[in-house]
Number of protein chains: 2
Amino acid sequence: MPIAATARFRRFSRAVTREVGALDTSFLGRGRPLGAARVINAIGRGRSEVGSLREDLGLDSGLMSRLLRGLEEEGLVRTHAHPDDGRRRVATLTEEGEREFRAYEELSEAQAAAILARYPHREALLAAMDLIASALGRDRLSLNEIDPRSETARDCLGQYYAELARRFERGFDVARSRDPDALDMIRPRGAFIVALSDGLPLGCVGVKGTGGESAEIKRLWVAPSARGLGISRQLMTAAETAARALSIRVLRLDTSSALPEAVQLYRKTGWREIERFNDDPYPDVFFEKQL
Amino acid sequence: MPIAATARFRRFSRAVTREVGALDTSFLGRGRPLGAARVINAIGRGRSEVGSLREDLGLDSGLMSRLLRGLEEEGLVRTHAHPDDGRRRVATLTEEGEREFRAYEELSEAQAAAILARYPHREALLAAMDLIASALGRDRLSLNEIDPRSETARDCLGQYYAELARRFERGFDVARSRDPDALDMIRPRGAFIVALSDGLPLGCVGVKGTGGESAEIKRLWVAPSARGLGISRQLMTAAETAARALSIRVLRLDTSSALPEAVQLYRKTGWREIERFNDDPYPDVFFEKQL
DNA sequence: ATATTTATCTGACTTAAGTCAGACATCATG
DNA sequence: CATGATGTCTGACTTAAGTCAGATAAATAT
């Protein structure tokens, strides 16, 4: 490792903890100690079982318990036994707790906006932040099957089309391509999978079913900031698993020699190149895989 | 502001505080509370007056005092009165304190290396980190006059030459260019100034004197990760100030139309384009400024 | 020379955070 | 249904961090 690398890393670490770290350690001025504020936020984000809360926040069970009692007394949280296991407890926010959670969210948004407003070249700064967040958080990636008509899915697809437009010499027009019908990518015919990191979509893939034993892989995309982290491979594995669960026996896909990384990936993961099987004007390479 | 910007920022902030922030809040396993460790590090980095220590670490004077007493008892720190002002106190590390400081540095380096080792595409990751650190730390930039033969200066110049080689169509060879003699960029003939952010050099500029009333500006360079933050302008201002202090009345410089940002900057800051004044093969634009 | 300001220090607090041992109820298993 | 394991809770601690009101001594102003 070159000597300078750690120096650069440490400079980054200092700059960030000074400017950004304060954000996470601040109580955001709501008159509540950090621990309690963190619990409210964790519950607000969907962590509800006490055990997983504890793990998430890295707290001792005694401390966790006391924090929850405190929030209960404040009227922000209610706890009840887990329906399947009376030992475990589940915490939920009361209406007032929800309000408090939203107040924290708004303050946090406002702080983020205030910090960003201070710097020029915001897009470059954000792109660098995306890259770092993706690299650091790569083991926290979650693959979720969602509705291809949902906002998250449309967000991914929009970025996918924009990228194709940039990559193809003649541009790309969705209308001219065979846009898979959304219903073909919903169970039981097919599936649509997104890779989420901390809520932000970083990639997607669709399995477009026909109702029979064959299906097509469509719309494989990974955000530029998250490339090189093996996300496309994870997405493809998830897509194949989903296809198997749908009793699909053979998968096909079309792609383009203008996307060499994609072609490479398919070659390396057991796909066999086949003859053209459609008359879509954009693709010029075709693959098949038996499951 | 687009809605997504704050979400991206917050994702970054979470990822970073989780992975990197822990570095700064950890005691690095030396059996000493964080506060004391931070004091050792601040002194080791050259903060010695108690007042500036306090400001740097953001501590109450009582707390600061107690931390210093603790470290004195441990035999790591010695304090004595400031020679010019008996009220102020100056803290220095004892030999044992120095050892302790180096131990912290080594642990911190090792942690940085361990984190970096986990990620592929290290150069891209580090470039993103540089960009962010420069943006966040831009008000912490310090301009220092140093010896052009020092390691820091040679580091800057090396990057400068590498950049020229990339930018010029025919490449760049230092030997073919009129490399300013280092002695001409040291007082009393001239000066060499670097911009340091948290110890890392982000830019440089040289004032190459002749011994008379005129001098040349040479080697203006800013690290790619730190462009667009106004550093070159700050460097030029510092160079002009240094030139005035050396009783120089007229500054000249040569540059190239292959470096449009530089040409732009000179035009905007009171420089007048003049005729070619040397036969260096690389430059094709020439400027002059009366001080 | 005296009064005021400034930099640091000391003592007496508070608060947040975290640890540990044991209590208690519930679940899984023979 | 007895047994041990599991998840949560309570009480009794410790430690780190930080606050605040003076005390003290040196510097500066009047």
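We name chains A, B, ... by the order of the sequence lines, and we start the count at 1 in each one. The basis for the numbers below is simple: all heavy atoms, side chains too, and nothing from hydrogens, waters or symmetry mates.
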J.: A/Leu34 CG to D/dA16 P: how many Å, rounded?
T.: 19 Å

J.: Look at the side chain of A/Leu59 and decide which nucleotide, out of D/dA27, D/dC9, C/dG18, has an atom nearest to it.
T.: C/dG18

J.: Strictly distance-based, threshold 3.5 Å: is any side-chain N or O of B/Thr237 a donor or acceptor partner for the main-chain N or O of B/Arg233?
T.: yes

J.: Can you find a side chain N or O atom of B/Arg69 that sits less than 4.0 Å from OP1 or OP2 on C/dC9?
T.: yes

J.: Compare side-chain N and O positions of B/Arg54 against OP1 and OP2 of C/dT8 and report whether any pair is under 4.0 Å apart.
T.: yes

J.: Ignoring hydrogens and geometry beyond distance, is the side chain of A/Arg66 in donor-acceptor contact with the base of C/dT19 at under 3.5 Å?
T.: yes

J.: Using whole Å, what does the distance between atom C1' of nucleotide C/dT26 and atom CZ of A/Arg89 come to?
T.: 12 Å

J.: Whole angstroms only, please: what is the CD-C1' distance between B/Glu73 and C/dC9?
T.: 14 Å

J.: Just how far, in rounded Å, is P of C/dT10 from CG of B/Leu67?
T.: 13 Å

J.: How far apart are the closest heavy atoms of B/Leu93 and B/Gly44, and which atoms are they?
T.: CD1-CA, 3.7 Å

J.: Would you call A/Glu74-A/Arg69 a salt bridge at under 4.0 Å N-O?
T.: no

J.: Would you tell me if any nitrogen or oxygen in the side chain of B/Arg88 comes within less than 4.0 Å of OP1 or OP2 on D/dA26?
T.: no

J.: Both A/Pro83 and A/Arg32 contact DNA chain C. Which one's nearest nucleotide lies toward the 5' end?
T.: A/Arg32

J.: Report which part of the nucleic acid B/Asp60 touches: base, sugar-phosphate, or nothing (heavy-atom distance under 4.0 Å, all strands).
T.: base

J.: Once you round it to whole Å, what is the distance between P of C/dT5 and CG of B/Asp85?
T.: 17 Å

J.: Find the distance B/Glu55:CD to C/dT6:P and express it as a whole number of Å.
T.: 15 Å

J.: Between A/Gly62 and A/Gly35, which has a closest nucleotide on DNA chain C that is more 5'?
T.: A/Gly35

J.: Rounded to whole angstroms, how far apart are CD on B/Glu49 and P on C/dC9?
T.: 13 Å

J.: For A/Met64 and C/dA16, what is the distance between atoms CE and C1' respectively, to the nearest whole Å?
T.: 15 Å

J.: Looking only at side-chain N and O atoms, does A/Thr92 offer a donor or acceptor that is under 3.5 Å from a partner on A/Arg78?
T.: no

J.: Can a donor-acceptor pair be found, under 3.5 Å and without considering hydrogens, that links the side chain of B/Ser52 to the backbone of B/Glu49?
T.: yes

J.: Between C/dT10, D/dA17, C/dA16, which nucleotide gets closest to the side-chain atoms of B/Pro33?
T.: D/dA17

J.: Among D/dA16, D/dT19, C/dC9, find the nucleotide with the atom closest to the side chain of B/Leu63.
T.: D/dT19

